[in-house]
Amino acid sequence: MNQNPEQIARDVIDDLLQQAGWVIQSKAKIDFSAGLGIAVREYQTDAGPADYVLFINRKPVGIIEAKREEEGVNLTTVEEQSVRYANAKLKYLNNEPLVYVYETTGTVTRFTDYSDPKPRSRAVFAFHKPETMAEWIRNGRSLRNRLQDFPALDETGLRPAQIKAVVNLEESFKNNRPRALIQMATGAGKTFTAITFIYRLLKFARAKRILFLVDTRNLGEQAEQEFMNFRPNDDNRKFTELYNVQRLNSSYIASDSQVCISTIQRLYSVLKGEELDESAESDNPNESTWLQQKLKEQKAVPVEYTAKVPIEQFDFVVIDECHRSIYNLWKQVLDYFDAFLIGLTATPDKRTFGFFNENVVSEYTYEQSVVDGVNVPYDVYTIETEISKNGGLIKAGWHIDYRDKATRKTRWQQVDEDTEYKKNDLDKSVVNPSQIRTVIRQFRKALMEEIYPNRYDENGQYEVPKTLIFAKTDSHADDIINIVREEFNESNDFCKKVTYKIDEDPKSVLNRFRNQYYPRIAVTVDMIATGTDVKALEVLLFMRDVRSANYFEQMKGRGT
């Protein structure tokens, strides 16, 4: 027997309510001892029967107006009807107006908290849990009410661009703008700015939990360090002495954590109930093999409601490098949470502005940061070789090494016929050590004669500036390292690889690169391409193409 559309919608709504922890009952038989939150169907009011009335601890607190899913249903047009029920008197009860109001088709749901200043409906992924509503009631004032109460910002230790970002963002919160974008040049202190407003949200708005979202494990570790080092102006203690900060290494989100740092890849896996492939957190989403594989296999299935991570798990989500993290698989992770979204980026594009509803609370460009002395300007030096421009030819009869990419095991073999290779094959399917050596020699010559000619110490030794070389692949990085050590006539310590695929702890190598004399040159593929701070860096050498203009700006920012 075919069910009618209304019944289909009711079944879906019932299921969503039960997943969120509500006990569904009919008006004929109500048993308040069955649970904290009871949803009663067709409860009689003096405005007619309400589809569902929500009770917390026997007290009516909200209503749900259910509509069948059909073309042209716009839930904002249903608000008049739902408000009428919310303001009505319930049969047998002398109730106050109900403040928590939903309109839903089971597929699309909107929610309004009528205790908010200027109550405004918003789309939500599912229903809130009864425990959450009970907490809201205990708190007395809603979050959006508490966001009206920020005291003046103590500007000590903050740059003008950071002050502007915090002040304008708090104004955006007061106006109940659900999304906001902070555009701030690389190196201008985005994370410090973020921790400043996160501290104020926890202290003054009594936010329950805030998510700091990154897209590589390396950025998560760096953000955790910044939280640990942050000391607010109005307290002698460090941030982590005042609030619990958890960096997510599993699917468990601690109930007592007030700040949660996670990669978006891990959060997606948590919502999907899947184990996370560890390599997924080390890849930049621009070039993520894990993501490409997911999309290719069409495993990018939608997230579904997860009771252990409810939609209200976070009050605010701060999205670092948001120009990368709001598309493909990731958008649905952000849409899942009933939270304010704050994006941080140096390089937004049109899609970024669109996603954040063109609510740019602060713009601070790289050019402005140079004028202010926050960042340094840069010069570009181009090294071009015949082979990197036009490719090359391997002639028949030549004996060459064939090398296994993974094991690097070689075999000596004669070439049967002429083999042309294009510039894009270089350092991928074809390795030409001479081309790498030509670039490194020219780089060394330019350093000593043109770029930094006055770096000789009292013993006449040239001090090579801290340099980061971007390689195409892990194997390419190994070739570069060997040739750099030879051409500079230096030891192993002089040039090191910083990727996730090394036996040495990459964090240890990165810390030495930051803080110690050696290594002078680091070679990476993607690990420190974006967001990683190495203040001592003076030279970037790109021995690879970059697929995206935004990504190039981010990589370049490592040196500015």
Side-chain angles (χ1 to χ4, degrees), residues 218 282-284 287 380-389 391-392 400-410 421-448 451-452 462 464-504 506 508-510 512-514 518-530 532 534 536-547 551-552 555-556 558-559:
N218 181 37
S282 52
D283 287 346
N284 174 317
E287 318 216 337
V380 177
Y381 190 98
T382 307
I383 302 170
E384 211 162 47
T385 66
E386 182 66 31
I387 288 169
S388 63
K389 201 174 173 186
I400 62 167
D401 281 333
Y402 282 81
R403 187 168 75 195
D404 184 285
K405 268 187 182 176
T407 65
R408 292 180 70 83
K409 184 181 178 183
T410 58
Y421 59 90
K422 297 185 171 63
K423 62 178 184 178
N424 290 343
D425 298 327
L426 204 57
D427 304 305
K428 289 173 182 167
S429 59
V430 176
V431 176
N432 187 325
S434 177
Q435 186 269 340
I436 297 173
R437 194 176 300 280
T438 303
V439 171
I440 297 302
R441 275 185 184 167
Q442 187 56 38
F443 163 60
R444 180 174 179 270
K445 183 171 181 278
L447 268 187
M448 299 171 80
I451 301 174
Y452 292 114
Y462 185 77
V464 176
K466 288 272 184 175
T467 298
L468 181 62
I469 300 177
F470 292 109
K472 295 174 187 174
T473 63
D474 223 53
S475 179
H476 185 216
D478 287 333
D479 292 330
I480 292 168
I481 287 165
N482 292 331
I483 291 170
V484 164
R485 288 170 179 170
E486 277 179 32
E487 291 301 319
F488 281 86
N489 187 26
E490 288 285 357
S491 66
N492 291 348
D493 287 342
F494 177 80
C495 182
K496 288 279 190 184
K497 183 160 68 170
V498 189
T499 74
Y500 289 108
K501 296 171 184 166
I502 56 175
D503 294 333
E504 228 176 323
S508 163
V509 179
L510 184 55
R512 291 209 303 277
F513 187 48
R514 271 198 191 103
Y518 287 121
R520 301 307 296 169
I521 297 178
V523 183
T524 191
V525 180
D526 262 333
M527 182 177 156
I528 45 180
T530 60
T532 306
V534 185
L537 259 183
E538 290 186 276
V539 181
L540 304 174
L541 179 56
F542 291 86
M543 293 184 71
R544 53 161 292 181
D545 289 333
V546 186
R547 295 179 192 174
Y551 188 33
F552 178 69
M555 293 163 81
K556 199 172 64 183
R558 299 311 100 227

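In terms of the salt bridge (charged side-chain N to carboxylate O under 4.0 Å, His left out) criterion, E490 has no residue partners (sequence neighbours excluded). Applying the salt bridge (charged side-chain N to carboxylate O under 4.0 Å, His left out) rule to R441 yields the partners E487; only residues at least two apart in sequence or on another chain are considered. In this structure, the side chain to side chain contact (heavy atoms under 4.5 Å, CB included) partners of E486, at least two apart in sequence or on a different chain, are R437. Not counting sequence neighbours, the partners of A536 by the side chain to side chain contact (heavy atoms under 4.5 Å, CB included) test are K466. The ring-ring contact (aromatic ring centres under 6.0 Å, His included) search around F488 returns F494, not counting sequence neighbours. Remark: N492 pairs with R485 by the side chain to side chain donor-acceptor pair (under 3.5 Å) rule, at least two apart or across chains. Annotation: ring-ring contact (aromatic ring centres under 6.0 Å, His included) contacts of Y462 (sequence neighbours excluded): Y456.
What you find for V439 and I383 is that their closest heavy atoms are O-CD1, 3.8 Å. Shown here for I481 and K496, the closest heavy-atom pair between the two residues is CD1-C, 4.0 Å. Taking both residues in full, the closest heavy atoms of H476 and K472 are given as ND1-N, 2.9 Å, listed atom of the first, atom of the second, then distance. Nearest heavy atom pair, residue V464 against residue T467, reads CG1-OG1, 4.5 Å. When all heavy atoms are compared, the tightest approach of M543 to I440 is SD-CD1, 4.0 Å.
In this structure, the side chains of N218 and L510 come closer than 4.5 Å at one or more pairs of heavy atoms. When side chains are defined from C-beta on, I469 counts as touching V484, because their heavy atoms get closer than 4.5 Å. You'll find the side chain of R520 reaches within 4.5 Å of the side chain of Y518, heavy atoms only.
To the nearest 0.5 Å, atoms CZ (F443) and OG1 (T438) are separated by 15.0 Å. To the nearest 0.5 angstrom, D474 atom CG is 10.5 Å from D479 atom CG. Residue L541 holds its CG atom at 9.5 Å from CZ of F470, rounded to the nearest 0.5 Å.
R512 has no carboxylate O lying under 4.0 Å from a charged side-chain N of D493, or vice versa, which leaves the two without a salt bridge.
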